[in-house]
Chemist: 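Got a structure here, written out as C-alpha cells. Questions coming.
A, B, ... follow the sequence lines: proteins, then strands. Residue 1 opens every chain.
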Number of protein chains: 2
Amino acid sequence: MTLKDLARELGVSTATISNAFNRPDQLSPGLRERILAEAKRLGYRGPDAKARSLRTGRSRIIAVILAESLTYSLNDAVSSEFLSGVAEVLDSQGHTLLLLSARQVNCQLVDSASMADGFIVYGLMPSAELFDSLPLHAALVAVDFNVAGHPSIHVDNEPSCFEIADHALSVAPRKRPAIVNLRLTAEPCNGRIDPQHTLLSAELTITRSRLAGFHAALEKHDFDLERIPMWNVEENTFEVCAPVIEEILDLPDAERPDLLLCMSDRIALTALTLAEQRGLRIPDDLCLIGFDGIAEGQYRAPRLTTVRQESSEKGRLAARMILGLEPSHSRLLTTEMMLGETCS
Amino acid sequence: MTLKDLARELGVSTATISNAFNRPDQLSPGLRERILAEAKRLGYRGPDAKARSLRTGRSRIIAVILAESLTYSLNDAVSSEFLSGVAEVLDSQGHTLLLLSARQVNCQLVDSASMADGFIVYGLMPSAELFDSLPLHAALVAVDFNVAGHPSIHVDNEPSCFEIADHALSVAPRKRPAIVNLRLTAEPCNGRIDPQHTLLSAELTITRSRLAGFHAALEKHDFDLERIPMWNVEENTFEVCAPVIEEILDLPDAERPDLLLCMSDRIALTALTLAEQRGLRIPDDLCLIGFDGIAEGQYRAPRLTTVRQESSEKGRLAARMILGLEPSHSRLLTTEMMLGETCS
DNA sequence: TTGTAGGCGTTATCAT
DNA sequence: ATGATAACGCCTACAA
C-alpha cells in the first residue's frame with residue numbers, strides 16, 4: 001500500500017495525499033479528513049520513511065558515534081547518562097537516535113553514516129579513516145575532544161582535578177599519594193606505569209588534563225612528581241579495574257598509598273569495595289577521590305568525594321547544537337565538587 | 001558527488017560502479033580497483049544509505065522500542081544491559097541500532113518506524129495505536145510480554161521469585177515480611193498499597209508474576225496473604241524508591257518489616273542504603289532480597305541476595321531472532337539465585 | 001484547492 | 001564483463 005495506490009483508490013492526485021500528511025494547510029479540511037480516514041481504513045501507514053528521506057534529504061535521525069563499544073557505552077554510567085541527555089532532546093524535537101561505535105566493523109559505520117542528518121562524536125578522537133567516511137559537510141559536534149572545523153564540548157577537567165586533589169591534600173596530611181589513571185598510556189597497560197611508558201598526548205585524551213590537574217595540586221603541596229606512583233587501568237569497569245586496585249592495596253603497609261587520586265568514580269568505587277573487603281578504614285587508612293559524580297557513588301555509605309560533571313547536560317547541549325537550537329560554537333562546561341566521606 | 005557523477009567521470013555505466021561496491025564478482029578486478037581508487041580520489045563516499053534503502057527495501061537498521069523513556073532506559077542497569085546485548089549482536093552482523101520509546105510523541109515513532117528492518121519491543125505492552133503504526137508484516141520480537149502472532153522472550157519470573165522468597169523465609173524465622181512491588185497498581189501509587197487499589201493484570205506486567213511467586217512462598221510458610229503489607233514504587237530509580245522505603249523504615253519498631261521482598265535490585269539497594277543510614281543491621285534487623293542481579297548489588301558489602309536474570313543474553317537472543325539467526329519461536333530464559341549477605 | 005511530472009541515488013533485470 | 005533502463009515511494013515546483 002503506497003501513497004500512489006491510495007491516490008488511485010480515492011481518485012485524487014498523489015500530491016493531495018502527500019499534502020494531507022505533510023501540509024494540512026494546502027487542502028480543504030474535509031478532504032484531508034476523508035483521506036486520513038480512508039488511509040487508516042485501507043491500511044496505509046503514512047509516507048514511507050525510506051522514500052521520504054531520499055526525497056527530502058533528511059531522515060530525522062541523528063547518529064552518536066561512540067569511541068567505545070556499544071556494550072561498554074550502554075553499561076557505563078557516564079556515557080549512558082550522556083546518551084540519555086542526547087535522547088531527551090532528540091526525542092522532544094521529533095528526532096531519533098542511531099547508535100554507532102567507532103569500534104564497529106568499519107564498513108557498517110560508513111554504510112549507515114549517510115543515513116543520519118548529523119553526528120555527535122563522543123569520546124576519544126576516532127581514526128582519520130572513520131572521519132573521512134562521514135558525509136563531507138555533515139553537521140558534527142565533538143564531545144570531549146577537538147575536530148578542526150567543528151564545534152566541540154568540553155568539561156573543565158584540569159581545574160576541577162586541581163581543586164579536588166588540593167582539597168584531598170589539605171583536609172588531612174597524607175604521606176603516600178598515588179594516581180590511578182584511565183587509559184593514559186600509548187601502549188595498553190593495566191597496572192603500574194613506569195618511566196618507560198609513553199603517555200597519550202592531550203590531543204587524544206581528556207585524562208591527560210585530569211593528570212595535569214592532579215600534578216599541579218601535588219606540586220603545590222610540595223610533592224616530588226617523580227616520586228608519585230602511577231597506575232593505569234585500560235577500561236572503566238569493575239572487572240578491569242579490580243586487578244590493578246588489588247595490586248595497589250596488597251602492597252606492604254609501608255608502601256601502600258594512603259590517598260588515591262582516581263580519574264573516575266568507577267575506579268574509586270572499585271577501590272572502595274576492595275578496600276572495605278580488606279578491612280581498611282576509609283578515610284583513615286585510605287582516602288579516595290573520584291571523578292564524574294555518578295549516582296552509584298552517592299547512594300552508598302561512605303559517599304564518594306568527587307567532581308561532578310553534568311553528563312546529561314553535556315548530551316542535551318550536544319543534541320541542541322546538532323539540531324541548530326544552540327549556536328554552534330565550542331563550549332566548556334563547569335563541574336562541581338562533591339564532598340562525600342571518602343576523603344575527610 | 002553521486003554514483004552517477006562518478007560513472008560519467010570514469011566513462012563507465014552506473015551499474016558497473018554499483019557492482020564495484022556491492023558485487024565484486026561481477027566485474028574485472030582491474031576495473032574494480034580503478035573505480036575504487038578514483039572514487040576515493042574524487043571524494044565519492046560509496047552508495048548513499050537513503051537511496052540504497054529505498055531501492056533494496058532494507059536499511060540494516062533494527063529498532064528497539066522501549067516501554068519507558070529513553071532517559072530512564074539508558075540509565076537503568078537492567079534495560080541498558082539488555083540494550084548492550086542487542087547492540088553486540090547487531091554490531092557483529094553489520095546492523096545498527098535505532099532507539100525509540102513508546103513514550104515518544106506518537107507521530108515520530110510512526111515516521112521513523114518504516115525505516116527499520118525489524119522491531120524489538122521491550123517491556124510493557126505498548127498501546128494498540130502504536131502497534132498499528134508498525135509496518136504490517138514487520139519482523140517483530142516481544143520481550144517481557146506477549147504479542148499475538150509474534151515470538152516473545154520471557155524470564156521465569158514466578159518460579160524464581162518463589163524460590164528466592166522461600167529461601168528467605170527458610171534461612172531464618174521472620175515475623176513481618178512485606179513486599180515492595182514495582183509499578184503494579186492500575187492507578188499510579190508511590191507508597192502503601194491498600195485493598196482499594198486495583199492491580200494491573202498479568203497480561204500487562206511481568207511484576208504480577210513476581211508477586212505470584214512471592215505469594216506462593218509466603219503461603220507455603222503459613223503466612224496469611226491478607227496480612228502481608230505491600231508497597232508500590234512507580235519507577236525503578238533511587239529517587240522514586242527512596243520516599244517509599246523511608247515510609248517503611250520509619251515505621252515504629254513493632255510494625256517495621258524484618259524482611260522485604262523487593263521486585264528489583266534497585267529497590268532492594270535503595271532499602272539497603274537507607275537502612276544502613278539508620279543504623280539497622282543487615283540481615284539481623286532487616287533481611288532483603290532483590291531481583292535482577294545487577295552488578296551494583298554484587299560489588300558492594302553486603303552483597304544482595306537476589307535472582308539474576310541474564311539481561312544481556314535476553315538482548316542477544318532478541319537480536320538474533322530478529323535477524324533470523326535463531327528460530328522465531330517464543331523462549332523462556334532461566335534465572336539463577338545469587339546468595340549474598342543481605343539475607344542469611 | 002488540486003493535478004502533473006520530474007527527479008532524489010540506487011539497484012536489478014535485461015541486453016549486448 | 002559491461003551497459004541501458006526501469007523501478008523504489010515520495011515531495012514539490014509549477015501549472016491549472
Chemist: Which residues pass the ring-ring contact (aromatic ring centres under 6.0 Å, His included) test with B/Tyr72, not counting sequence neighbours?
Modeler: none
Chemist: Under a 4.0 Å threshold between the charged nitrogen and the carboxylate oxygen, would B/Glu88 count as salt-bridged to B/Arg320?
Modeler: no
Chemist: Among B/Val89, B/Ile322, B/Asp117, B/Val86, which one satisfies side-chain contact (heavy atoms from CB on, under 4.5 Å) with B/His95?
Modeler: B/Asp117
Chemist: Taking the six-membered ring for Trp, are B/Phe145 and B/Tyr122 ring centroids under 6.0 Å apart?
Modeler: no
Chemist: Can we say B/Arg183 and B/Glu68 salt-bridge, meaning some charged N sits less than 4.0 Å from an Asp/Glu carboxylate O?
Modeler: yes
Chemist: By side chain to side chain donor-acceptor pair (under 3.5 Å), which residues pair with B/Thr207, not counting sequence neighbours?
Modeler: B/Thr205
Chemist: What's the CZ-P distance between B/Arg8 and D/dG3, to the nearest Å?
Modeler: 15 Å
Chemist: List for me each residue that meets side chain to side chain donor-acceptor pair (under 3.5 Å) alongside B/Glu9, sequence neighbours excluded, and say none if there are none.
Modeler: none
Chemist: Measure across A/Ser53 and B/Met115 and return the closest heavy-atom pair with its distance rounded to 0.1 Å.
Modeler: OG-CE, 4.3 Å
Chemist: Protein-nucleotides 6-9 of chain C N/O pairs closer than 3.5 Å?
Modeler:
| from | atom 1 | to | atom 2 | distance (Å) |
| --- | --- | --- | --- | --- |
| C/dG6 | N2 | A/Arg55 | NH1 | 2.5 |
| C/dG7 | N2 | A/Arg55 | NH1 | 2.9 |

Chemist: When the distance from CG of A/Asp5 to C1' of D/dC8 is rounded to whole Å, what number comes out?
Modeler: 13 Å
Chemist: Give the angle between the helix axes at the two ends of the helix from C/dT1-D/dA16 to C/dT16-D/dA1, taking five base pairs at each end and rounding to 10°.
Modeler: 30°
Chemist: Start with the C-alpha gap between B/Phe119 and B/Leu134, add the side-chain angles, then the distance that decides, and say whether side-chain contact (heavy atoms from CB on, under 4.5 Å) holds.
Modeler: CA-CA 9 Å; B/Phe119 298 86; B/Leu134 300 182; 3.8 Å; yes
Chemist: Could you identify which residues of residues 21-33 of chain B place a heavy atom less than 4.0 Å from some atom of DNA chain D, listed by residue number, or say none?
Modeler: B/Gln26, B/Leu27, B/Ser28, B/Leu31
Chemist: When rounded to the nearest 0.5 angstrom, what distance separates OG in B/Ser18 from CG in B/Leu3?
Modeler: 6.0 Å
Chemist: Without decimals, in angstroms, what is the distance between B/Leu6 CG and C/dT10 P?
Modeler: 9 Å
Chemist: Below 4.0 angstrom from OP1 or OP2 of C/dT2, is there any side-chain N or O of A/Thr16?
Modeler: no
Chemist: Are B/Asn146 and B/His154 linked by a side-chain donor-acceptor pair shorter than 3.5 Å?
Modeler: yes
Chemist: Nearest whole angstrom, please: distance from the P of C/dC14 to the CG of B/Asn19.
Modeler: 15 Å
Chemist: Between D/dG3, C/dG3, D/dT12, which nucleotide gets closest to the side-chain atoms of B/Ser13?
Modeler: D/dG3
